[in-house]
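All remarks here apply to the structure that follows.
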Amino acid sequence: MRTLSELQADWEAGRLDEAGFVAQAHALHRLLAALVPPLVKSEVHQILIDGEGLRFVMGDEAVALWCPPDDPRAAPLEALNFGAYQADESRVINLLAEGARCAVDVGAGLGYHALRLAQREPLVIVHAFEPDAARFELLWRNLALNALAERVRCHNLALVADAAQAGPSQTLDAWARAGGQRPDFIRCAAPAALAVFQGAQALLGEQRPRVFTRLPEPQVRALFAAHGYAGWALGEYGPRRMEADGEGAGCRFAAFLHPEAHTEAIEALEAEEAQ
């Protein structure tokens, strides 16, 4: 399908008469109206277009996000396509992050979850890590769009297992020591989640944060178990406690809680498990 700019150029150059231009342009205009029914059924509240781009307002927290034009799986489009964005995951994140004062969001992307947490938890400071330059620029723009610069701090860093790794990177332990940070909640959406937590051994052993993470490697569960954590795989039927090695295979995300430090969160998560 031709764009409106291309049609305008043809009309201005005399290659398209006015009637043909209006008819073809209106076919594009109707696509805008066709977005209304799926929007009404979704958690998207508004779609706004101006000279700077396309932005969505979405979710219970009414987070505003600029939408990247070339990413078909961007959070706002996922919400419009499927009705909600990571609804089950968001519910567990809300449970684990309740009462947090210092939260870390690794692989923050556009910043949806970082901004949600800052809206939900009145005392939290969220540290959002995004190593990709293009996503980091959008993260900054979304931070400004939601006027949350004092509550969300952005870091253009990769969190790694070994501080000697090349490039703008750091271990989570080294970052926390340098800034005197004591995170009580960590969300990790980074594909290399194992490396992130290999670089956070001191935090896991001493600070015992509540953790929501991508679960790409089976070694992630073993790493947390070594620090006394229990794990819950988050699958199609909600959270399920992982009792043995290999459980959770095929699940994209998991929650890790320490039985001595997170009694209330464990009870709430087990209540979710029982439903």
Side-chain angles (χ1 to χ4, degrees), residues 73 75 78 82 84-98 100 103-114 116-117 126-132 135 158-162 169 171-173 183-205 207-259 261-262 265-275:
R73 301 306 300 260
E78 292 279 280
F82 299 105
Y85 177 67
Q86 295 187 346
D88 294 338
E89 292 88 345
S90 294
R91 187 169 61 253
V92 174
I93 289 170
N94 295 348
L95 186 156
L96 299 184
E98 186 174 356
V104 170
D105 189 11
V106 186
L110 302 183
Y112 177 62
H113 287 294
R116 276 196 335 100
L117 291 182
V126 183
H127 294 273
F129 290 82
E130 178 49 61
D132 181 81
R135 290 195 188 97
L159 292 175
V160 295
D162 183 354
S169 61
T171 68
L172 192 50
D173 280 341
D184 44 15
F185 172 71
I186 298 172
R187 171 188 174 266
C188 179
L194 179 61
V196 171
F197 293 110
Q198 286 173 332
Q201 305 270 7
L203 275 178
L204 296 178
Q207 184 63 20
R208 295 176 174 175
R210 291 157 279 168
V211 175
F212 178 94
T213 181
R214 185 184 290 269
L215 193 63
E217 305 111 331
Q219 298 97 315
V220 171
R221 180 181 179 275
L223 185 151
F224 277 94
H227 288 283
Y229 277 76
W232 285 260
L234 306 177
E236 182 179 355
Y237 301 105
R240 293 292 181 268
R241 189 156 182 163
M242 295 183 285
E243 300 288 359
D245 290 341
E247 285 193 60
C251 292
R252 292 180 58 207
F253 297 100
F256 290 98
L257 297 169
H258 198 288
H262 309 135
I266 288 174
E267 290 176 355
L269 197 59
E270 288 179 340
E272 286 272 330
E273 185 176 3
Q275 291 179 5

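Excluded from the calculations below are hydrogen atoms, water molecules and symmetry mates; all remaining heavy atoms, backbone and side chain alike, are included.
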| Shortest non-hydrogen contact between Ala230 and Trp232, atoms and distance | O-CZ3, 3.4 Å
| Quick one: does Pro209's side chain get under 4.5 Å of Leu204's, heavy atoms only? | yes
| message | Could you work out, with side-chain contact (heavy atoms from CB on, under 4.5 Å) as the rule, every residue matching Ala202, not counting sequence neighbours? | response | Asp173, Glu206
| message | Let's go through Leu234 and Leu215 carefully: what are the C-alpha distance in whole Å and the side-chain angles of both, what is the deciding distance for side-chain contact (heavy atoms from CB on, under 4.5 Å) to 0.1 Å, and is it a yes or a no? | response | CA-CA 9 Å; Leu234 306 177; Leu215 193 63; over 6 Å; no
| said: If the condition is side-chain contact (heavy atoms from CB on, under 4.5 Å), which residues does Glu98 pass it with, not counting sequence neighbours? | reply: Glu121
| Looking only at heavy atoms, what is the nearest atom pair of Arg135 and Asp132, with distance? | N-OD2, 2.9 Å
| field | Distance-minimising heavy-atom pair for His113 and Ser90 | value | CE1-OG, 3.3 Å
| request: On the 0 to 90° scale, with breaks at 30° and 60°, tag the Tyr229-Phe224 ring pair as parallel, tilted or perpendicular. | output: perpendicular
| field | Whether His227 side chain and His258 backbone form a donor-acceptor pair below 3.5 Å | value | no
| Any side-chain heavy atom of Asp105 sitting closer than 4.5 Å to one from Leu117? | no
| Checking side-chain contact (heavy atoms from CB on, under 4.5 Å) for the pair Gln219/Leu223: CA distance, chi angles, key distance, verdict? | CA-CA 6 Å; Gln219 298 97 315; Leu223 185 151; over 6 Å; no
| message | Can you tell me how far apart CG (Asn94) and CD (Glu89) are? Round to the nearest 0.5 Å. | response | 11.5 Å
| request: First locate atom CZ of Arg91, then atom CD of Glu272, and finally report the distance between them rounded to the nearest 0.5 Å. | output: 5.0 Å
| Which pair of heavy atoms, one from Ala103 and one from Asp184, lies closest together, and at what distance? | N-OD1, 4.4 Å
| request: Inspect the surroundings of CZ in Arg214 and state if more than 12 heavy atoms from other residues, nucleotides or ligands are less than 6.0 Å away. | output: yes
| Any residue meeting ring pair (Phe, Tyr, Trp, His ring centres under 6.0 Å) with Phe185, in chain and number order, not counting sequence neighbours | none
| request: Output the distance between atom CD (Gln201) and atom CG (Leu172), rounded to the nearest 0.5 Å. | output: 11.0 Å
| field | Smallest separation among heavy atoms of Cys251 and Ala233, with atom names | value | SG-CB, 3.8 Å
| Test side-chain contact (heavy atoms from CB on, under 4.5 Å) applied to Gln86 and Phe253, step by step | CA-CA 11 Å; Gln86 295 187 346; Phe253 297 100; 4.1 Å; yes
| query | So which heavy atom on Gly199 is nearest to which on Thr171, and how close? | reply | O-CB, 3.4 Å
| task | Taking the side chain as every heavy atom from C-beta outward, state whether Thr213 and Ile186 have any pair of such atoms under 4.5 Å apart. | result | no
| query | Step by step, would you call Arg210 with Leu95 a side-chain contact (heavy atoms from CB on, under 4.5 Å)? | reply | CA-CA 10 Å; Arg210 291 157 279 168; Leu95 186 156; over 6 Å; no
| field | Side chain proximity check, Phe129 to Val196, heavy atoms < 4.5 angstrom | value | no
